[in-house]
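Reading through the structure tokens given below for one structure.
Protein chains get the first letters and strands the later ones, always in sequence-line order, with residue 1 at the start of each.
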Number of protein chains: 2
Amino acid sequence: MNRKRCEVEIERLRRFIPEKDHFEARTQKLISLVDRLEEETLSPEVKIFKALADINRLKIVKLLKEGELCACELTVALDNSQSTVSHHLSILKNAGVIKERKDGKWSYFRLSDGAVIELLNQAKLLMDE
Amino acid sequence: MNRKRCEVEIERLRRFIPEKDHFEARTQKLISLVDRLEEETLSPEVKIFKALADINRLKIVKLLKEGELCACELTVALDNSQSTVSHHLSILKNAGVIKERKDGKWSYFRLSDGAVIELLNQAKLLMDE
DNA sequence: AGTTCATATCAAGAGATTTTGATATTTAGA
DNA sequence: TCTAAATATCAAAATCTCTTGATATGAACT
């Protein structure tokens, strides 16, 4: 969002809003808010939400709430192909939602933080409301 | 996930795990967990995460944290086309993340609940960790 | 060393989402 | 009633994401 364009737009919008002072305040607030929204800050957040925005990955996360599981157990549980599960696990790991521990030929996964559970709880709260 | 297939898999896995009793307990737990994961319960949650899994929609939500804004203000702020913003707003509304109030020819949007802000806070917590 | 199993990676196809431009709908005001 | 503005909707193109099947890698066991 570039500031010049925004100011041009303010001029345009100004014509349609009766209380000019109030409008002035609104758009000023808007401009400063947009300026503070940096894409670099937002993309790790998008990554987390993207990671949770899939039914298979959400199932994985819910299974891991109860404790550590290996990739092979998750493959059985989800009834998906091995490569699909591996792909989903890498997306979750990449987003920082889960952590991996290797033991011989097995890979064990666990939730990386209690914040994940809180995230799910808040989503449920919003859902039920 | 069907139970019979799961039990066949247990037989297969049993051969690779030394402590049979421990394994038995693990897989039993796994079976009961999977049985409790219903797709119907999970999809509204997926919908919420999908709604937040886009940089433009996340920007909208962050702008709305500070208060109500109309669609035209959001269009200016996001520097996107009118139809794109309208589309993103309808996805957020549909997921229950935002609420709409119509006033004349304007549509004003606001976060539907404090849970949305908490959701973002938890994501940030996870991100920073 | 050779085999087997667990997991990762890759390329291709199927499917979903996002953006765009055009066109509708609704509301306010002349 | 006519016009202009705000928003919604639609179809098509562009872009992602998911799944699959094939193959690669690396650990454990013989």
Side-chain angles (χ1 to χ4, degrees), chain A residues 9-18 23 26 39 42-43 46-60 68-95 98-109, chain B residues 9-18 23 26 39 42-43 46-60 68-95 98-109:
Chain A
E9 202 65 27
I10 289 171
E11 277 311 301
R12 199 180 64 79
L13 287 172
R14 194 189 296 274
R15 278 175 269 129
F16 309 110
I17 302 208
F23 178 65
R26 273 183 91 83
E39 303 240 333
L42 248 45
S43 31
V46 169
K47 212 167 169 185
I48 289 171
F49 288 122
K50 263 188 172 40
L52 297 170
D54 175 277
I55 191 134
N56 286 312
R57 295 197 288 269
L58 211 47
K59 280 182 186 173
I60 291 174
E68 203 182 55
L69 289 169
C70 75
C72 63
E73 289 171 306
L74 289 165
T75 303
V76 175
L78 295 180
D79 200 19
N80 271 338
S81 78
Q82 181 268 319
S83 70
T84 296
V85 174
S86 175
H87 172 239
H88 287 312
L89 286 168
S90 84
I91 288 174
L92 285 167
K93 195 174 70 167
N94 214 247
I98 64 176
K99 288 229 165 84
E100 186 176 12
R101 170 177 75 81
K102 299 230 179 200
D103 180 9
K105 54 183 167 180
W106 285 280
S107 282
Y108 289 92
F109 295 89
Chain B
E9 202 66 28
I10 290 171
E11 278 311 301
R12 198 179 66 78
L13 286 172
R14 195 190 295 275
R15 278 176 269 128
F16 309 109
I17 302 207
F23 178 65
R26 272 182 92 83
E39 303 240 333
L42 248 45
S43 29
V46 170
K47 209 168 170 185
I48 290 171
F49 289 122
K50 262 189 174 38
L52 297 169
D54 176 276
I55 192 134
N56 286 311
R57 294 197 290 268
L58 211 47
K59 280 182 185 171
I60 291 174
E68 204 182 55
L69 290 169
C70 75
C72 61
E73 289 171 307
L74 288 165
T75 302
V76 176
L78 296 179
D79 199 20
N80 272 337
S81 78
Q82 181 269 319
S83 70
T84 296
V85 174
S86 175
H87 172 240
H88 287 312
L89 285 168
S90 84
I91 287 174
L92 285 167
K93 194 173 70 166
N94 213 247
I98 64 177
K99 288 228 165 86
E100 187 177 8
R101 171 177 75 81
K102 300 230 178 200
D103 181 8
K105 54 184 168 179
W106 286 280
S107 282
Y108 289 93
F109 295 91

| Divergence of helical axes at both termini of the helix from dA1(C)-dT30(D) to dA30(C)-dT1(D) - five pairs an end, 10° steps |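 Inter-axis angle at the termini of the helix from dA1(C)-dT30(D) to dA30(C)-dT1(D): 20°.
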**Message:** So if I take residues 49-60 of chain A and measure heavy-atom distances to DNA chain D, which residues fall below 4.0 Å?
**Reply:**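 When residues 49-60 of chain A is checked for heavy atoms under 4.0 Å from DNA chain D, the hits, listed by number, are Lys50(A), Asp54(A), Asn56(A), Arg57(A).
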Quiz item: Among dT7(D), dA28(C), dT7(C), which nucleotide sits nearest the side chain of Cys72(A)?
Solution: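 Given the options dT7(D), dA28(C), dT7(C), the side chain of Cys72(A) is closest to dT7(C).
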Q) From dT18(C), dT19(C), dA5(D), pick the nucleotide closest to the side chain of Ile91(B)? A)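 The nucleotide sitting nearest to the side chain is dT18(C).
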Find the distance between [atom1] ([X]) and [atom2] ([Y]) and round it off to the nearest 0.5 Å.
X: His87(B); Y: Leu92(B); atom1: NE2; atom2: CG; answer: 10.0 Å
X: Lys105(A); Y: Cys70(A); atom1: NZ; atom2: SG; answer: 11.5 Å
X: Leu74(A); Y: Phe109(A); atom1: CG; atom2: CZ; answer: 7.5 Å
X: Leu89(A); Y: Ile60(A); atom1: CG; atom2: CD1; answer: 4.5 Å

List the residues meeting side chain to side chain donor-acceptor pair (under 3.5 Å) with [X], not counting sequence neighbours, and say none if there are none.
X: Ser90(A); value: none
X: Ser107(A); value: Glu100(A)
X: Thr84(A); value: Ser81(A)

Kindly list each side-chain donor-acceptor pair under 3.5 angstrom involving residues 50-58 of chain B, sequence neighbours excluded, with atom names and distances?
from: Asp54(B); atom 1: OD1; to: Asn56(B); atom 2: N; distance (Å): 2.8
from: Asp54(B); atom 1: OD1; to: Arg57(B); atom 2: N; distance (Å): 3.1
from: Asn56(B); atom 1: OD1; to: Asn80(B); atom 2: ND2; distance (Å): 3.1
from: Arg57(B); atom 1: NE; to: Ala51(B); atom 2: O; distance (Å): 2.7
from: Arg57(B); atom 1: NH1; to: His88(B); atom 2: ND1; distance (Å): 3.1
from: Arg57(B); atom 1: NH2; to: Lys50(B); atom 2: O; distance (Å): 3.0

| request: Considering non-hydrogen atoms only, spot the tightest contact between Lys59(B) and Leu78(B) and give its length. | output: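 Closest approach of Lys59(B) to Leu78(B), heavy atoms only: CB-CD2, 3.5 Å.
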Margin query: Looking at every heavy atom in both Ala95(B) and Ile48(B), which two are closest together, and how far apart are they?
Written below: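 The answer is O-CG1, 3.6 Å.
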Measure all distances between protein nitrogen or oxygen atoms and nitrogen or oxygen atoms of nucleotides 8-14 of chain C, and list the pairs falling under 3.5 Å.
from: dA8(C); atom 1: OP1; to: Glu100(A); atom 2: OE2; distance (Å): 3.4
from: dA8(C); atom 1: OP2; to: Ser86(A); atom 2: OG; distance (Å): 3.0
from: dA8(C); atom 1: N7; to: Gln82(A); atom 2: NE2; distance (Å): 2.9
from: dA8(C); atom 1: N6; to: Gln82(A); atom 2: OE1; distance (Å): 3.0

In whole Å, what is the span from the [atom1] atom of [X] to the [atom2] atom of [N]?
X: Asn80(B); N: dT20(C); atom1: CG; atom2: C1'; result: 11 Å
X: Arg101(A); N: dA6(C); atom1: CZ; atom2: C1'; result: 15 Å
X: Lys105(A); N: dC29(D); atom1: NZ; atom2: C1'; result: 8 Å
X: Leu78(B); N: dT20(C); atom1: CG; atom2: C1'; result: 16 Å
X: Trp106(A); N: dT7(C); atom1: CH2; atom2: P; result: 8 Å

### Message
Test of understanding: with salt bridge (Lys or Arg N to Asp or Glu O under 4.0 Å), list the residues that count as partners of Lys47(A), not counting sequence neighbours.
### Response
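Partners of Lys47(A) under the salt bridge (Lys or Arg N to Asp or Glu O under 4.0 Å) test: none.
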| With a non-hydrogen cut-off below 4.0 angstrom, is Leu74(B) in contact with a base, only sugar-phosphate, or nothing? |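 Result for Leu74(B) = nothing.
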